[in-house]
Protein chains: 2
Amino acid sequence: MDDETPDCGHDHDHPRVAHEALAPHVLERAAAIFRAAGDPGRLRILHCLLCGEHCVSDLADESGDGLSTVSQRLKILRAERLVTRRRDGKHIFYGLADEHVAELVRSALDHARHDH
Amino acid sequence: MDDETPDCGHDHDHPRVAHEALAPHVLERAAAIFRAAGDPGRLRILHCLLCGEHCVSDLADESGDGLSTVSQRLKILRAERLVTRRRDGKHIFYGLADEHVAELVRSALDHARHDH
DNA sequence: TCGACAGTTCATCATTCGTTCAACTGATGG
DNA sequence: CCATCAGTTGAACGAATGATGAACTGTCGA
């Protein structure tokens, strides 16, 4: 290979770029996770779930939004596998998918708190 | 206070809800952070910045997008204070705002990688 | 089996978002 | 001072998103 080939057409010092290749589907997936959490309504749900499972009605009550609205939000969170679902009689309980997700949410919330 | 007052109108066991109150502006802020990171184009930039500062032209070259497009993306990332800006002669160098942001990005990228 | 309750899905509609081109600012070098 | 390189900003436009009411599914108690 020719190591004199510049990747780009301008003239300054180049940082020794060394990102281990980022697969496109990983990029998409990670962005999708952020996007799912990036809505106040959905993030509020994730926050509620930090302290344990909740059923849809409870989540609706706590946010003051309609059942349908909350259900749609949960659908998106579930599509990105941020939450799990469990049926118990008439109720369906949602919870955070894993501790990794919980950490991500706590982390951003903390960052947002200590940041004026 | 009356501890017999139920918050909601339905009939099952209630989880002992104990979220320390989540201030609305904290919710908004955290959601805004996630939202800013929740676009593949912007997340790619954040990923590039994980290994140090880059100028706008380099970021444009690495993604294959136009200068204007990249500049717009950086504007959003900067509005959410995820990146910092530094002028050096003709070039403007961007970098991650702090280690906390770096950790958030690494964390989501890792999660996305180990998740098929 | 019927009715009520818990949730989901569907279609619609207004809003927000992301990209792009063109015009602009600002620093550097001749 | 002027040309050029580096980057920003603004407007326009199509695509994606989020909320909502109505209709639907599924479970339980009487």
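The shown structure was predicted, so the numbers you read here are calculated from the model rather than taken from an experiment. Here is the naming used below: chain letters follow the sequence lines, and residue numbers restart at 1 for every chain.
When each of A:Asp88 and A:Gly41 is assigned the nucleotide of DNA chain D bearing its nearest heavy atom, the one mapping closer to the 5' terminus is A:Gly41. In terms of position on DNA chain D, the residue among A:Val70 and B:Val70 whose nearest nucleotide sits closer to the 5' end is B:Val70.
Taking atom CG of A:Leu74 as the reference point, atom P of D:dG18 lies 14 Å away to the nearest angstrom. Going from atom CD of B:Gln72 over to atom P of C:dT19 covers 9 Å, rounded to whole Å. Between B:Leu59 atom CG and C:dT19 atom P the separation is 14 Å, expressed in whole Å. Per the geometry, CG belonging to B:Asp39 stands 5 Å off P belonging to C:dG18, to the nearest Å. Atom NZ of A:Lys90 and atom P of D:dG29 are 7 Å apart (whole Å). Residue A:Arg87 contributes atom CZ, which lies 8 Å from atom P of C:dG7 at whole-angstrom precision. When the P atom of C:dA27 is taken as reference, atom CZ of B:Arg86 falls 16 Å away, rounded to whole Å. If you measure from atom NZ of A:Lys75 to atom C1' of C:dC10, you get 9 Å, rounded to the nearest angstrom.
Nearest nucleotide to the B:Ile76 side chain, out of C:dG7, C:dG26, C:dG18: C:dG18. Taking every side-chain heavy atom of A:Ile92 into account, C:dG7 is the closest of C:dT9, C:dG7, C:dT28. Of all nucleotides listed (D:dG10, C:dG7, C:dT8), C:dG7 comes nearest to the side chain of A:Cys55. Candidate nucleotides D:dG18, C:dG7, C:dA22 were compared by shortest atom distance to the side chain of B:Ser68, and C:dA22 ranks first.
Side-chain contact between B:Leu49 and B:Leu77: absent, with no pair of heavy atoms (C-beta onward) separated by less than 4.5 Å.
Side chain A:Ser71 to base C:dG7: no donor-acceptor pair is found below 3.5 Å.
In this structure, A:Arg35 does not reach the C:dC17 phosphate: none of its side-chain N or O atoms is under 4.0 Å from OP1 or OP2. Between B:Arg85 and the phosphate of D:dT8, there is a side-chain N or O to OP1/OP2 separation shorter than 4.0 Å. Side-chain nitrogen and oxygen atoms of B:Tyr94 include none within less than 4.0 Å of the OP1 or OP2 phosphate oxygen of D:dA6. Distances shown here put a side-chain N or O of A:Thr69 below 4.0 Å from the OP1 or OP2 atom of D:dT20.
A:Gly66 comes within 4.0 angstrom of nothing in the nucleic acid, heavy atoms only. In this structure, A:Arg42 reaches the sugar-phosphate backbone alone: every heavy-atom distance under 4.0 Å involves primed, P, OP1 or OP2 atoms, never a base. B:Leu67 comes within 4.0 angstrom of a nucleotide base, judged by non-hydrogen atoms across all strands.
Taken together through direct or relayed side-chain contacts under 4.5 Å among Ile, Leu, Val, Met, Phe, Trp and Tyr, B:Leu96 and B:Ile76 form parts of separate hydrophobic clusters.
For the salt bridge (Lys or Arg N to Asp or Glu O under 4.0 Å) criterion with B:Glu80, the lone passing option out of B:Arg42, B:Arg29, B:Arg35 is B:Arg29.
Between A:Leu27 and B:Arg44 the shortest heavy-atom distance is CD1-N, 3.7 Å. Residues B:Ala31 and A:Leu43 come closest through the heavy atom pair N-CD2, 3.4 Å. The minimum heavy-atom distance between A:Ala108 and B:Phe34, with the atom names listed, is CB-CZ, 3.3 Å.
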